[in-house]
Protein chains: 2
Amino acid sequence: MNNAAIGIFDSGVGGLTVAKAVRAELPDESIIYFGDSIHLPYGNKSPSAILQYSFANMRFLCSLGVKIVIVACNTSTAVALTKLQAASSVPVIGVINPGAQAAVTATKNGKIGIVGTSRTVLSRAYTKSIQTICRGSNFNEKKIVVYEKACPLFVPIVEENFKNKKIIEQIVYEYMRELASKTDTIVLGCTHYPLIRPVISRVFPRIRLIDSARSTASAAASFLRQNNLTKKKDGNTKLHIYTNDINEVFKKISHRLFPRKKILFKEP
Amino acid sequence: MNNAAIGIFDSGVGGLTVAKAVRAELPDESIIYFGDSIHLPYGNKSPSAILQYSFANMRFLCSLGVKIVIVACNTSTAVALTKLQAASSVPVIGVINPGAQAAVTATKNGKIGIVGTSRTVLSRAYTKSIQTICRGSNFNEKKIVVYEKACPLFVPIVEENFKNKKIIEQIVYEYMRELASKTDTIVLGCTHYPLIRPVISRVFPRIRLIDSARSTASAAASFLRQNNLTKKKDGNTKLHIYTNDINEVFKKISHRLFPRKKILFKEP
């Protein structure tokens with residue numbers, strides 16, 4: 001039993017989809033979220049910049065006494081997770097492995113697609129994660145092929161809340177038609193993407209969509225339960241949302257996911 | 001006569017369209033460009049963050065001895081120009097006033113449209129600038145109405161070099177049709193936008209498009225000539241491109257505008 005909060009960080013507001021999934025999965029846990037908005041988006045930054053920001057984010061959460069850190073940013077997980085885990089005194093869970101695991105479990109034809117930011121796709125982190133999983137005993141028999149595709153317009157579509165659904169459908173089709181023709185399972189490998197999941201489902205109804213936010217929340221829940229780190233049910237459950245830049249996009253998406261929740265400012 | 005370089009800064013690589021226009025207008029001048037890529041985009045940051053970055057950018061250029069600073073970022077000009085001018089020991093030119101001036105000169109029906117990032121549009125800086133110009137003697141007679149529209153997908157379309165021209169045309173139409181139905185002149189109020197100018201012209205052939213990069217280059221040229229600050233024609237002309245994060249997008253667009261030009265790294 002451990003009553004400390006679960007720490008979650010992202011490059012901005014997108015990781016709140018993970019916080020939302022954690023809240024649904026573990027309603028009695030306290031959550032401290034930090035969005036590094038002044039450096040958003042990580043997707044077009046260099047690896048060394050991403051490393052530096054990720055460490056600063058983790059240090060901030062640890063300074064508030066969290067019991068576990070969830071890296072709710074695919075780009076950050078792809079670039080920095082191993083180094084964060086090596087340096088941290090608390091467990092660190094990334095957002096890639098749980099999604100990869102869920103995809104391997106879900107696929108019937110052994111062909112998995114990944115959509116994400118340019119940086120996540122360039123890192124090929126999902127492909128590597130799936131290959132590692134397949135080398136493990138449970139999936140030894142499966143021969144899995146992975147296709148990755150960067151979709152740089154998805155994040156601004158979500159952040160703007162772009163209204164013309166017909167155009168969004170065309171953009172979704174343009175980016176994903178090749179993946180969808182080859183695979184039966186596609187991982188939404190960016191925390192913003194669950195917010196356009198309904199459109200993606202409509203365009204490709206045949207495809208199994210893996211929401212990495214939900215997969216990560218499940219993985220965190222399993223980890224806490226297995227290690228006896230869950231919080232006492234005492235009705236005293238906090239959700240603190242911090243960011244270093246309270247801008248319009250952050251406010252809009254935060255209120256969409258957690259209405260009435262105050263956003264706390266952290267000095268950059 | 002002053003042989004020092006012209007300093008130009010932007011929140012990233014987009015302002016290189018201004019550097020390109022300055023080079024075309026003043027081929028004998030040296031240019032030092034700085035792109036604050038680690039904080040890109042400014043469009044969704046808070047005013048206080050934008051102020052802080054703008055001052056740091058100006059200090060960097062001044063430390064290299066430039067004779068004038070061009071703020072090649074609409075967001076930064078909208079939020080920080082007056083304060084930068086008050087604090088600087090060299091002249092500072094923003095990117096809004098020249099575009100506004102060119103639009104007032106170009107319009108026949110007195111209706112001007114502005115497209116830009118959310119932050120630029122929220123600031124209403126173009127509207128204010130046009131109102132100030134109209135209050136001046138030359139345009140006293142003209143009654144000008146200004147309509148502004150944020151187009152958040154344009155920057156990522158340019159940065160990605162999105163290939164499906166049909167979809168870009170639809171996005172352009174979606175954002176701009178209302179402006180185009182009311183106005184005869186539209187200002188491309190973001191330095192990225194000149195790179196999709198051909199598509200915009202195709203969708204709205206009737207509209208006069210004002211390229212704020214070119215207008216700013218002309219304004220800088222006039223200022224230097226009027227104040228006897230131009231450089232001696234000595235064949236010794238430099239163009240130095242600095243950024244604090246050499247990422248793929250920066251490289252791609254820099255090479256599109258200035259092929260073979262080495263990008264210099266500035267410690268963040």
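All values reported here derive from a predicted model rather than from experimental measurement. In the text below, chain A, chain B and the rest are named by the order of the sequence lines, each starting its count at 1.
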How about NZ on B:Lys83, more than 12 heavy atoms from neighbouring residues, nucleotides or ligands closer than 6.0 Å, or not?
no
Of the listed B:Ile171, B:Asn247, B:Asp245, B:Asn164, the one with the largest count of heavy-atom pairs under 4.5 Å with chain A is B:Asp245
Measuring heavy-atom distances to chain B, does A:Phe162 have an atom under 4.5 Å in its side chain, in its backbone, in both, or in neither?
side chain
Cut-off 4.5 Å, heavy atoms of chain B, and the answer for A:Ser37 is backbone
How far apart are the closest heavy atoms of B:Lys45 and A:His39, and which atoms are they?
CE-N, 4.4 Å
Residue A:Leu122 versus chain B: region with a heavy atom under 4.5 Å:
side chain
Quick check for you: among B:Pro156, B:Pro47, B:Pro152, which has the greatest number of heavy-atom pairs under 4.5 Å with chain A?
B:Pro152
Rounded distance (nearest 0.5 Å) linking atom CD of A:Gln52 with atom CD1 of B:Ile38:
7.0 Å
Between A:Phe154 and chain B, which part of the residue has a heavy atom less than 4.5 Å away: side chain, backbone, both or neither?
neither
How about B:Tyr173: does its OH atom have over 12 heavy atoms from other parts shown lying under 6.0 Å from it?
no
Here the gap from B:Lys166 atom NZ to A:Glu174 atom CD, rounded to the nearest 0.5 Å, amounts to 12.0 Å
Against chain B, label A:Glu160 side chain, backbone, both or neither, depending on which of its atoms sit under 4.5 Å from a heavy atom there.
side chain
With chain A, which of B:Ser48, B:Pro268, B:Ser46 has the greatest number of heavy-atom pairs at distances under 4.5 Å?
B:Ser46
Starting at CD1 of A:Ile167, measure out to CD1 of B:Ile167 and round the result to the nearest 0.5 Å.
9.0 Å
Taking side chain as everything from C-beta outward and backbone as N, CA, C, O, which of these in B:Leu40 sits under 4.5 Å from a heavy atom of chain A? Side chain, backbone, both or neither.
both
Residue part contacting chain A, namely of B:Tyr53, when any heavy atom lies under 4.5 Å
side chain
Could you tell me which portion of A:Phe250 (side chain, backbone, both or neither) has an atom closer than 4.5 angstrom to a non-hydrogen atom of chain B?
neither
